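Everything below concerns the one structure shown next.
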Amino acid sequence: MRYLAILFLLLVSSCMKEPLYHSQSYVFGTLVDISIYGETEERAQLLVNQVLQDFQNLHNRLHAWKPISSGKPSELYQLNAAFEQGKSSQISPDLAAMLADATQLSQQSAGLFNPAIGNLISTWGFQRDEFSAVNIDAEQISALVKDHPQMTDIVLKGNRIYSTNPAVKLDLGGYAKGYALDLAAHYLRQQHVKNALINIGGNIIAIGQHGNQPWRVGIQHPRQPNAIATLDLPDGWAIGTSGDYQRYFMYGGKRYCHIIDPRTGYPVSHTQAVTVLVPPSDHAGVLSDVASKPIFIQTPDNRSKAAQAFAIQHFMVIDAKSTILVSKQLAQQLHWVDAGVKFSIIP
Amino acid sequence: MQVLNFPSSPKSLNAKLVAQYLLLGDWLVILASLVCVWYLFHELWSNEHATSVQIRLGNKIYASYSLNQQREVHVHGQLGEAVISISQGKARFAKSPCTSQYCVHQGWLTRAGQVAICLPNQISLELLGEAKTYDTLNY
């Protein structure tokens, strides 16, 4: 009789639908994937719609090359035009805060994270919805590097802003997704959502957990259509990857990815992917987006130094030869999909 | 012909007695069936075994198809028609109107949890199985 009761309970529990709401949408020029656990479907849907609307607004304002509608350039586009003409302009307080923050992060990374190199990114053809091989103009590239656009060229006084260097062209492609993650996490917590997982174009932040177990995240293999490893993402943690496999073009048998070394003006070719795991803070999303870039760009000997600049302890590098290097702290958290995988611990 | 003299009460039919009457062939049959059960369990109950492919178009689930078939699915995305092939437990983008062709280059998806996304055409494929190995993918 007791066994029958247990069996009955098991049957009932397996019939009950898990209170998980899952949504996938194309916003921000990428795929946004949001899971909410433990809310009614109606409420979860309303919350997700609000988050998506906020993302769309942010996207429209920060888009580096596309106007919101014909003849209506984005706030960032107008700002870049003013920089180029040496004019001062007024910006909204949240954009001012974002730029101040990005400037500080750029300095922290010794200029390897540099959102001021929009002209270089554009020359390489990465300011388009789709990428195709471009004519590589070595002279133009070296001229753009010599112009030396830096975040510190920007002068902010209250909400008035100007650039001392007309070559500064902002592209927040390596910052905005992380910012949006923090924004969304803050909003959902404010709305008393206990459990959610937000994924914007591969950058992920966790709130609470998936029922009685932590949210589980797969890390994409840079050269295969499957995950290389999985890990549990605890409450408040964020994860981000910079890879050469999402935005790139092939030319003459060589891969040119969208991550450009601001010192040389050329795409980085010594690395396939860098993943960083970021502990909870009100800045975790931004850091998950920003902190992987300097590690990706830095020469192999200096990767650990680049990680230290943002106090990143959990990170993984997959280099151009597909060698996997993992920090000791991250290695303890990873579950490899292929049990026989070979990796080295970063000293 | 010899008549086997089984004990009258089944309760006294103990394991020793059963073993006595089993021949080598019987043991092989038992062994073979155990191996078979273990193999099927491993193949069908492991998390990685994919049973269907979910196709998403824009913000909506377009359709789900069993992987246990040979089929071509034509989907009209933002840019134009994409062709998705399903064949014996796997699925892939066979044709896409996008210029980068990353989605087509992803090749066959074979394990549950694998995804192929075509951002320009706003179509994605995800293989589904008994259990999800992860909630979302970091890339």
Side-chain angles (χ1 to χ4, degrees), chain A residues 20 22-27 29-35 37 48 52 128-132 197-199 201-204 206 209-210 213-222 224-227 229-233 238-243 245-250 273 275-277 288 335 337, chain B residues 46-50 53-62 64 77-80 84-85 90-93 96-139:
Chain A
L20 180 71
H22 183 222
S23 122
Q24 271 188 10
S25 326
Y26 292 84
V27 221
T30 187
L31 189 62
V32 174
D33 180 318
I34 303 175
S35 300
Y37 186 93
V48 164
L52 292 177
R128 286 184 287 171
D129 285 335
E130 293 210 54
F131 321 113
S132 47
L197 190 65
I198 312 160
N199 182 342
N203 283 72
I204 303 161
Q209 51 181 18
H210 181 170
Q213 59 199 24
W215 291 110
R216 179 156 275 213
V217 171
I219 302 173
Q220 176 68 39
H221 192 296
Q224 290 168 21
N226 51 269
T230 61
L231 82 167
D232 292 340
L233 199 61
I239 186 168
T241 290
S242 286
Y245 52 91
Q246 278 297 326
R247 291 163 184 256
Y248 68 93
F249 61 83
M250 301 296 287
T275 301
V276 296
L277 186 64
S288 78
H335 307 275
V337 168
Chain B
S46 74
N47 289 339
E48 288 181 355
H49 182 77
V53 56
Q54 187 178 72
I55 303 173
R56 279 177 180 266
L57 170 63
N59 302 347
K60 299 250 152 56
I61 295 174
Y62 175 81
S64 293
Q78 283 277 312
L79 296 178
I84 292 143
S85 294
K90 35 191 218 301
R92 69 171 297 168
F93 276 103
S96 172
C98 61
T99 51
S100 58
Q101 299 285 299
Y102 298 160
C103 53
V104 176
H105 293 158
Q106 284 248 299
W108 289 106
L109 307 181
T110 56
R111 289 192 274 189
Q114 287 187 339
V115 286
I117 304 168
C118 184
L119 280 182
N121 208 18
Q122 303 203 346
I123 298 174
S124 72
L125 309 182
E126 181 179 0
L127 294 201
L128 306 178
E130 287 294 318
K132 280 191 101 169
T133 36
Y134 42 81
D135 296 301
T136 195
L137 190 64
N138 160 252
Y139 49 89

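In this text the structure is predicted, and so the values were computed from the model without any measurement. A, B, ... follow the sequence lines: proteins, then strands. Residue 1 opens every chain.
Heavy-atom distances place both the backbone and the side chain of A:Leu31 under 4.5 Å from chain B. With a 4.5 Å cut-off on non-hydrogen atoms, A:Thr275 touches chain B through its side chain but not through its backbone. B:Leu119 touches chain A through backbone and side chain together, each having a heavy atom under 4.5 Å away. Residue contact with chain A, scored on non-hydrogen atoms closer than 4.5 Å, involves the backbone and the side chain of B:Leu137 alike. Proximity to chain B involves both the backbone and the side chain of A:Thr30, based on heavy atoms less than 4.5 angstrom apart. Both the backbone and the side chain of A:Ile239 come within less than 4.5 Å of a heavy atom of chain B. Using a 4.5 Å cut-off between heavy atoms, B:Cys103 does not touch chain A at all.
In terms of non-hydrogen atom pairs under 4.5 Å with chain B, the most contact-rich of A:Gln220, A:His22, A:Gln24 is A:Gln24. The most heavy-atom pairs under 4.5 Å with chain B, out of A:Pro222, A:Gly218, A:Gly243, come from A:Gly218. Ranked by heavy-atom pairs under 4.5 Å with chain B, the first of A:Ile219, A:Leu233, A:Asp232 is A:Ile219. Of the listed residues (B:Tyr134, B:Tyr139, B:Tyr102), the greatest number of heavy-atom pairs within a distance under 4.5 Å of chain A belongs to B:Tyr139.
Panel note: side chain B:Arg92, backbone B:Val104; a donor-acceptor pair is recorded below 3.5 Å.
Two residues are said to be in side-chain contact when any heavy atoms from C-beta on lie closer than 4.5 Å; A:Val337 and A:His221 fail this criterion. Contact check for B:Leu57 versus B:Ile55: no side-chain heavy atoms found under the 4.5 Å cut-off. Contact of the A:Arg216 side chain with the A:His335 side chain is registered, since non-hydrogen atoms from C-beta on lie closer than 4.5 Å.
Ring pair A:Tyr37/A:Trp215 is perpendicular by interplanar angle, where above 60° counts as perpendicular and below 30° as parallel.
Of all heavy-atom pairs between B:Thr110 and B:Ala50, the closest is O-CB, 4.0 Å. The shortest heavy-atom contact between B:Cys98 and B:Leu79 is CA-CD1, 3.9 Å.
Between A:Asn199 and B:Thr136, the side chains place a donor N or O and an acceptor N or O closer than 3.5 Å (distance only, hydrogens not considered).
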